[in-house]
Each structure stands twice: as C-alpha cells, then as structure tokens.
Amino acid sequence: MTPDAAGPRATIVVGVTGGIAAYKAVSLVRTLVLAGHDVHVVPTEAALRFVGAPTWEAISRNPVTTQLYEGVDQVRHVALGQLAELIVIAPATANTLAKLAHGLVDDLLTNTVLASNAPVVVAPAMHTEMWRNAATQANVATLRERGVTFVGPASGRLTGNDTGAGRMAEPDEIAETALAALKRRGRGPRSRRARIDEASDAGRLDLDGLRLVVTAGGTREPFDPVRFLGNRSSGKQGMAIAAAAAARGASVTLIAANIGTDALPATIDVVDVSTTLELEKAVTDAAAGADAVVMAAAVADYRPAQVQQGKIKKEHTGERLTVEFVVNPDILAELSAAKREGQTVIGFAAETESDPATLLELGRKKIARKGCDFLVVNNVGWNHGFATDDNDIVVLNRAGDIVMEASGSKLSVADRILDATLSGREESTRHA
Ligand code: CTP
C-alpha cells in the first residue's frame, strides 16, 4: 500500500487491548506506517503481556506509553486524542467495548478515545460466548449507533481448541477499513439513520432489514462411508453474495454445502450441510422467515439408490461397478412453488454451453421450468467458472429478459446481482 493510495499523511492512534490477537496488530501497524501515516500505538497494560512496548516502538517508530500519569505536563491523552485523525482498536476486548459504550475511562486508551472527535474503527476479538452475550451485543449496538465502525469478528479457530465467531479480522482487512474511514473523516459522528441514508446513496446498506438465505457450495452424495458423488463448486460466488448482502445491512443465513466459511463475517449465520436432502431441509426451514432466497449451491441431481454401510470392496465389485441413482428433489422448483407473497427466489444456472445465444436459450428454458423470479446464468468449463475469483454472468427475469450483465471479481458481481434483484424492493414488502 502506498501513501498515495491512502491519501496524505495522517495521525493514527492504534489502541491494542489484552488479547492473543495483539500479535496480529503488529502487522496492522506496519501496514499503516508503510502507507505513510504517523502511527501512535496505545497498548493497555494487559496488551503488553502479549506484545511488549519495544516491538510497538520499533514498528510504529514512535514512543509508546500506557500510562495516563506519565508526561502529565503534555496531558498525553488529550494531546493524542486531539491529534488523532483516526483511532483503530485492534484487538478490542469485550471489556474495552463495554468501557467505550459507557464512557468509562481508566487507562490512556479509553481516555484518548473519549478526548477525541476522530472516527473510531474497532476489530473485536473474544470467545464466541462473550461476543454473543447480550451485554456485549448491546454495547456493540450502542457504539454502532454512535458511528463506530466495526470490522469483524470473523468466525474461525479461537485460542483454544474451540471455533466460532470471535476471531479478530485479518490485519489487511482492518487496515483497509481503517484507511477507508480515514478518507471519510471530517464528517463527524453520524447517526445510524444518517449512515443508512448515506450508504443508500452510495448504494450500500440499502438491504438493511432484509432477511436473506443463500446456499453455497456443492452437495455430496455418499456411496459408502468413504466415497461420494460431488461437484467442483467452490462456493465462492455464493459466499460473496452472502458477504456483500451482510455488508449492505441484510441479515443473512448461509447454508454451506461442504465449504469453509471461516473467512466470512461473524454476523452471517452459517448452517453446514452435506447432502442434497440436508440442504433441502435447511433451506426450506430458513426460507420460511426469509424475504429472499438465493440458490447459488450446485445441487446433485441424483443420489445413489443405496448407501453401503461398509466400504465398497473391489474384490466384490470386480472389473465394472454399476451404481443405481435416484433423482433428488428440485429444491429451487420447490421453493419457487411454495413462495410467499413478497418473497424473491433467485436461481443459478452454470452451463457448459459457450455460445452466448444458446447459453441464453438454455437459461430461458431453465427459469421457465424452475419458476423462480430471477436466474443468474454463467458459463463454466474445465478451466473456468469454478474456484476462480472472477465470474461472468447474465441475470434473466421470469419473462426471460436480460436484466443485467456483469463480469469481474465474484464480490463485485455479487453486488451487481443484489442490485439487479433485491435493492429495488420496498422496505414495506419485507417481512411480509
Ligand atoms: N437446483 C436445485 N435442486 C436440484 C438441482 C438444482 O435446487 N436438485 C438449483 C440450483 O441450486 C440452481 C438451479 O437449480 O440454482 C439450477 O441448477 P442446475 O444444476 O443448473 O439445473 P438442473 O435443474 O440440475 O438442470 P441441468 O443440470 O439438467 O441443467
């Protein structure tokens, strides 16, 4: 990252509180310094147990103190608070969030935040139970209301053997959010409503209040305890839709078929499934309370008629193996048939047809057959469409008209799909 990318040199206070993720903040500070900024690290006493002051001084190239009563003549907290053009707290513990929400000040960091008008970005890190605790969630809501920007936490491996929501966002993601906040600075604290309006203008947070179910990945149909029939779907496009919708304010349930979802924001509710029948149950249950369903998962059309309890042995099957398959339910067609008033159902069609006109024709037949509101059509092949970061799609409506075409990163395509299918919905049609 170059200083140009981030704009002119700014004074940034990086607060580090007591959590194991403090070591990752070293990389955050380094990125901000390399981006050309004047970075002052303010660790709490507890943070210094994880990473010592010499490391912070070396990385930030500025002196480090935790003490409110050191250099009293300079009124350090007021000086730092007034100097700061941005405050980033990473990791932010549950205790720090609580103190910030209630205006409690008992160390240099909390004093600095209270004495500052700078935008604040926080990257929480804590155990899942602490993050989900009603007290923490209420504090987070209060801080968001006051315009504090949250990045993460992500879901994933925590300090012990446990996994779940609470892992600090990756340093690059925090740096990106921080530098974006820096660019927006000067507007002062904004209310949630103001942020929604503003984000709406910019095409973001326009899905606030929308309840969305997204399926992603590919189902697996077992033959025996060790083998399955699967497909090459990586789940990237579906996960990008889930992430983009969550970033735009939707409350998102992701039904994940055999994919890793650790990198997704913890605000997304993830239900892991493996077979088509499991996916059918999970998505049908979730769809009952949803305003929209996106069926991005690649669903196996057939499953073995019989699943062997033990491993299929070659000595029994010989030179050829014949397996009988039975058809799976067509979940998209079922969801479309059972659709509630005001609910939007979006399907996907990954086709190996490369001729654009024939591809569209296949798409038109498919949307007519499935009965969904929109169909996202893309071309896949041996070397493209799967596990890549880019995509090339066309969105058809029920009448078979093209409502949008997009190509680019799966995240940018995800935003365009949401624009074309959901962003025009009136708030009043939600929760119908
Ligand atoms: N789909 C589904 N249930 C199935 C098969 C597919 O819900 N049993 C959904 C997919 O999630 C996708 C859409 O239907 O949103 C189209 O999937 P696709 O595999 O392209 O369609 P098929 O109906 O399987 O038709 P074909 O494979 O013959 O093209």
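The basis for the numbers below is simple: all heavy atoms, side chains too, and nothing from hydrogens, waters or symmetry mates. All ligand and atom numbering here is 1-based and tracks the order in the structure.
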Could you tell me the residue and atom name of the protein heavy atom closest to [atom], and the distance to it rounded to 0.1 Å?
atom: atom 21 (O) of ligand 1; answer: Lys366 NZ, 3.1 Å
atom: atom 4 (C) of ligand 1; answer: Val299 CG1, 3.5 Å
atom: atom 1 (N) of ligand 1; answer: Lys370 NZ, 3.8 Å
atom: atom 13 (C) of ligand 1; answer: Phe348 O, 2.9 Å

Are any of the N/O atoms on [X], whether in the backbone or the side chain, positioned under 3.5 angstrom from an N/O atom of ligand 1?
X: Ala296; result: no
X: Leu332; result: yes
X: Met295; result: yes

Give the atoms of ligand 1, by number and element, whose distance to some non-hydrogen atom of [X] is under 4.0 Å.
X: Gly347; result: 15 (O)
X: Pro329; result: 3 (N), 4 (C), 8 (N)
X: Asp301; result: 4 (C), 5 (C), 8 (N), 24 (O), 27 (O)
X: Arg369; result: 23 (O), 25 (O)

For the pair Thr344 and Asp373, evaluate side-chain hydrogen bond (donor to acceptor under 3.5 Å, both in side chains) and give the outcome as yes or no after the intermediate values. CA-CA 6 Å; Thr344 306; Asp373 297 295; 4.9 Å; no
Cationic N near anionic O, under 4.0 Å, Arg248 to Asp208: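 Between Asp208 and Arg248 there is no salt bridge, as every charged N stays at least 4.0 Å from the carboxylate O atoms.
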Verify atom 29 (O) of ligand 1: protein non-hydrogen atom under 4.0 angstrom away: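 It does; a protein heavy atom is within 4.0 Å.
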For Arg227, which residues count as a side-chain hydrogen bond (donor to acceptor under 3.5 Å, both in side chains) partner, sequence neighbours excluded?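 By the side-chain hydrogen bond (donor to acceptor under 3.5 Å, both in side chains) rule, Arg227 matches Asp224.
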Tell me, yes or no, whether the heavy-atom count around Arg132 atom CZ, taken from other residues, nucleotides or ligands under 6.0 Å, exceeds 12.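 No.
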Quick check: are there more than 12 heavy atoms from other residues, nucleotides or ligands sitting under 6.0 Å from CZ of Arg398?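 Count over threshold, so yes.
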Would you mind writing out the side-chain donor-acceptor pairs for residues 317-328 within the sub-3.5 Å range, not counting sequence neighbours?
from   : atom 1 : to     : atom 2 : distance (Å)
Thr317 : OG1    : Lys313 : O      : 3.2
Asn328 : OD1    : Arg303 : NH1    : 2.6
Asn328 : ND2    : Glu221 : OE2    : 3.1
Asn328 : ND2    : Thr276 : OG1    : 3.2
Asn328 : ND2    : Ala300 : O      : 2.8

Is there a side chain to side chain contact (heavy atoms under 4.5 Å, CB included) between Asp392 and Asp390 once you walk through the steps? CA-CA 7 Å; Asp392 203 343; Asp390 291 334; over 6 Å; no
Shortest heavy-atom approach to atom 3 (N) of ligand 1 - which of Leu375, Ile331, Val380: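 Going through Leu375, Ile331, Val380 one by one, Ile331 has the nearest heavy atom to atom 3 (N) of ligand 1.
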Quick test of your reading of the structure: of Ala333, Gly238, Ala297, Ala216, whose heavy atom lies closest to atom 10 (C) of ligand 1?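 Ranked by closest heavy atom to atom 10 (C) of ligand 1, first place is Ala297.
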Main-chain N/O of Ile255 paired with Thr215 side-chain donor or acceptor, under 3.5 Å: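 Side chain of Thr215 to backbone of Ile255, a donor-acceptor pair under 3.5 Å: no, none is there.
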Using the side chain to side chain contact (heavy atoms under 4.5 Å, CB included) definition, which of the options Val293, Leu422, Leu375 pairs with Ile346?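 Answer after filtering Val293, Leu422, Leu375: Leu422.
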